[in-house]
Trainee: 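My structure is below; once you've seen it, I'll send some questions.
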Amino acid sequence: NAGVTQTPKFQVLKTGQSMTLQCAQDMNHNSMYWYRQDPGMGLRLIYYSASEGTTDKGEVPNGYNVSRLNKREFSLRLESAAPSQTSVYFCASLEPGVAKNIQYFGAGTRLSVL
Amino acid sequence: EDKVVQSPLSLVVHEGDTVTLNCSYEVTNFRSLLWYKQEKKAPTFLFMLTSSGIEKKSGRLSSILDKKELFSILNITATQTGDSAVYLCAVTDNYGQNFVFGPGTRLSVLP
């Protein structure tokens, strides 16, 4: 039972390079999320997708794009990486329901932009 | 704007101590408050609270919500070194889609 799987686990980029972070969940959840986590700032929402085919901006969307490829997969793209995007990125999916409504997280991607 | 504040931001205790972590929030159309434990990697779910005054308990951990005063506490009794982690508090609104996280409390339990 894999849950939420993120790849890669680590990445180093040079300023201006592009890359895509991949996320897949096998729990048949509708909603998926991308967060970044910086020291002392908790988790900040970049984008989320309430269902296949829809995406919405979160708190810090600038410099990022997302694609909800299908129900399982939600990718995050950095078109032109900047040092300010050095962070740990987490993908999550949501188990909905009045009694649940719990997010499950992937193991994270540690990204350094030089 | 929805906001979550946690205190203290950092705490160092010795094994066997009892700790109380605080979370206060402002959110339009509150639906639920969640506590997560984050060790080295992904946050893992601890509790979800939706009603005031009802304590949720799991082993040495317990949590309670006060919807009138807009806060929650997480208690850990007889702490162990394995409790060392960052504890995150998050709130959701009525739509249940938008999660707002606090900065976390970093707990260190010394042997």
Side-chain angles (χ1 to χ4, degrees), chain A residues 2-10 21 23 25 27 29-51 54-61 68 74 87-110, chain B residues 1-11 21-51 54 56 58 63 65 85-107:
Chain A
V4 180
T5 304
Q6 283 183 241
T7 56
K9 288 186 169 41
F10 302 95
L21 282 65
C23 176
Q25 52 94 7
M27 296 175 282
H29 292 164
N30 286 323
S31 299
M32 297 183 73
Y33 303 76
W34 276 106
Y35 292 93
R36 60 179 288 173
Q37 187 175 36
D38 301 296
M41 300 192 75
L43 290 160
R44 292 185 293 167
L45 182 64
I46 306 172
Y47 272 93
Y48 71 99
S49 170
S51 61
T54 69
T55 60
D56 286 285
K57 293 179 181 179
E59 182 185 353
V60 288
R68 184 73 184 270
F74 188 38
S87 189
V88 180
Y89 292 85
F90 288 99
C91 176
S93 69
L94 177 65
E95 179 180 20
V98 173
K100 294 185 176 178
N101 212 56
I102 298 166
Q103 284 184 320
Y104 294 88
F105 288 84
T109 296
R110 187 173 292 275
Chain B
E1 184 181 323
D2 298 342
K3 188 168 74 170
V4 176
V5 176
Q6 292 186 246
S7 65
L9 294 180
S10 180
L11 187 57
L21 310 182
N22 303 292
C23 175
S24 62
Y25 62 89
E26 296 174 21
V27 61
T28 305
N29 298 319
F30 172 87
R31 174 175 181 174
S32 62
L33 183 145
L34 298 95
W35 285 97
Y36 288 85
K37 178 182 181 182
Q38 185 177 23
E39 296 176 85
K40 293 194 176 172
K41 292 188 176 178
T44 54
F45 172 77
L46 293 174
F47 298 111
M48 185 176 79
L49 302 143
T50 56
S51 302
I54 298 175
K56 293 279 182 93
S58 176
S63 184
L65 174 67
V86 175
Y87 290 84
L88 296 167
C89 174
V91 294
T92 70
D93 59 18
N94 247 341
Y95 298 105
Q97 297 285 348
N98 187 22
F99 287 69
V100 178
F101 283 82
T105 293
R106 181 174 295 277
L107 173 66

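Letters A, B, ... mirror the listed sequences (proteins, then strands); counts begin at 1. What you are looking at is a predicted structure, and each value in this text was computed from that prediction instead of being measured.
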Trainee: What part of A/Q103 gets within 4.5 angstrom of chain B, counting heavy atoms only: side chain, backbone, both, or neither?
Mentor: both

Trainee: Would you mind checking which part of B/Q6 comes under 4.5 Å of any heavy atom in chain A, side chain (CB onward), backbone (N, CA, C, O), both or neither?
Mentor: neither

Trainee: So, taking the atom named CZ in B/F101 and the one named OH in A/Y35, what distance separates them when rounded to the nearest 0.5 Å?
Mentor: 4.5 Å

Trainee: Minimum heavy-atom separation for A/F90 and B/A42, please, with both atom names.
Mentor: CE2-CA, 3.7 Å

Trainee: Quick check on B/L9 against chain A: is it the side chain, the backbone, both or neither that has a heavy atom closer than 4.5 Å?
Mentor: neither

Trainee: Checking heavy atoms, do the side chain of A/L43, its backbone, both or neither come under 4.5 Å from chain B?
Mentor: both

Trainee: In terms of heavy-atom pairs under 4.5 Å with chain B, which of A/G108, A/A92, A/A107, A/G58 leads?
Mentor: A/A107

Trainee: How long is the span from the CZ atom in B/F47 to the CD1 atom in A/I102, to the nearest 0.5 Å?
Mentor: 11.5 Å

Trainee: Out of B/G104, B/S10, B/P43, return the one with the most heavy atom pairs under 4.5 angstrom to chain A.
Mentor: B/P43

Trainee: Within the supplied structure, the quantity of interest is the number of heavy atoms (other residues, nucleotides, ligands) at a distance under 6.0 Å from B/R106 CZ; does it exceed 12?
Mentor: no

